Amino acid sequence: MKNNLLVLNIITLFIASCVGPPDYSDGLLENVPAIVNENDYFSLSLLGDKYTEKSEWNLDLDVTSLDKILTTMVVKDLAIGASDSTYLFLVDEQGDTMFSAGLFSELVVTSQDSIIVIGFPKKVILDSDNFSGRLEYQIIKTVE
């Protein structure tokens, strides 16, 4: 009887200590953008599989006219059809487009720009229609 009770307690303890798979909120799953939005850094990562959505992120970047921003964008493993269209926009505080890119081919782009020349970035917009591939986009604040 004591042995049966001990076995039952061990089984109950084992079942109670089991956990399910982690609940991923972003970044590790297809079609779920991973966003890091800090006062000196913005990052957008997406593994798309026919991803169709328009998303906007207000930037938390804290920049002055003396700062520069380093921007990088990588598009890889792209599978695109004739009717697919995906665009990435960087918009300033007046709502004007500072940067736009059509994601129609694999590419690597990097640039360093002075805030006094290009303006203050305020928002990133991803307007995608059947995006299949990998997108990495970062904006890093650098001080002059």
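Please read all numbers here as calculations on a predicted model, not as lab measurements.
- Inter-residue side-chain proximity for Phe120 and Val63 is flagged as met; some heavy-atom pair is nearer than 4.5 Å.
- Listed for the Glu106 side chain is a donor-acceptor partner under 3.5 Å among the backbone atoms of Asp77.
- In this structure, CZ in Phe131 is found 6.0 Å from CG in Leu103, a value given to the nearest 0.5 Å.
- Under the 3.5 Å distance criterion, the side-chain polar atoms of Ser132 are matched with a main-chain donor or acceptor of Lys50.
- Taking all atoms of both residues into account, the shortest heavy-atom contact from Leu90 to Pro121 is CD1-CB, 3.8 Å.
- Leu107 and Leu70 fall into different hydrophobic clusters, where Ile, Leu, Val, Met, Phe, Trp and Tyr residues are linked whenever their side-chain heavy atoms come under 4.5 Å apart, directly or through other members.
- Under the 4.5 Å side-chain heavy-atom criterion for Ile, Leu, Val, Met, Phe, Trp and Tyr, Val74 and Leu78 are members of distinct hydrophobic clusters.
- At least one side-chain heavy atom of Met98 sits under 4.5 Å from a side-chain heavy atom of Ile118.
- For Asn37 (side chain) and Asn58 (main-chain N/O), a donor-acceptor pair under 3.5 Å exists by modelled atom type.
- Linking Ile, Leu, Val, Met, Phe, Trp and Tyr residues whenever their side-chain heavy atoms come within less than 4.5 Å leaves Val36 and Ile139 in two separate clusters.
- Distance check, rounded to the nearest 0.5 Å: CG of Leu66 to OG1 of Thr142 gives 11.5 Å.
- When every heavy atom of Phe104 is checked against every heavy atom of Ser85, the shortest pair comes out as CE2-CA, 3.8 Å.
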Handout entry: Stepwise side chain to side chain contact (heavy atoms under 4.5 Å, CB included) test for Thr72 and Gln138
Key = CA-CA 5 Å; Thr72 61; Gln138 289 88 33; 2.8 Å; yes
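- Between the side chain of Gln112 and the backbone N or O of Lys68 there is no donor-acceptor pair closer than 3.5 Å.
- Here the closest non-hydrogen pair linking Met73 and Tyr137 is CB-CD1, 3.8 Å.
- Contact detail for Tyr51 and Pro33: the closest heavy-atom pair is OH-CG, 3.4 Å.
- Distance check: Ile140 CD1 to Ile69 CD1 gives 10.5 Å after rounding to the nearest 0.5 Å.
- Leu88 contributes atom CG, which lies 10.5 Å from atom CG of Leu46 (distance to the nearest 0.5 angstrom).
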Practice task
Would you please test Thr71 and Phe99 for side chain to side chain contact (heavy atoms under 4.5 Å, CB included) and show each step?
Solution key: CA-CA 10 Å; Thr71 305; Phe99 170 80; 5.6 Å; no
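- Side chains of Leu135 and Leu44 form a contact here, defined as non-hydrogen atoms less than 4.5 Å apart.
- With rounding to the nearest 0.5 Å, the separation of CZ in Arg134 from CG in Leu47 is 4.5 Å.
- Residues Ile125 and Lys54 come closest through the heavy atom pair CG2-CE, 3.8 Å.
- Residues Val109 and Tyr41 are members of separate hydrophobic clusters, defined by side-chain heavy-atom contacts under 4.5 angstrom among Ile, Leu, Val, Met, Phe, Trp and Tyr.
- Between Phe42 and Trp57, the ring planes lie tilted relative to each other; the angle falls in the 30° to 60° range.
- Asp67 approaches Asp62 most closely through the heavy-atom pair OD2-O, 4.1 Å.
- Although no hydrogens or angles enter the test, the distance criterion places a donor-acceptor pair under 3.5 Å between the side chain of Asn31 and the main chain of Asp49.
- The backbone N or O of Thr86 sits nowhere less than 3.5 Å from a side-chain atom of Ser128 that would complete a donor-acceptor pair.
- Note: Tyr87 OH to Asp127 CG = 9.0 Å, rounded to the nearest 0.5 Å.
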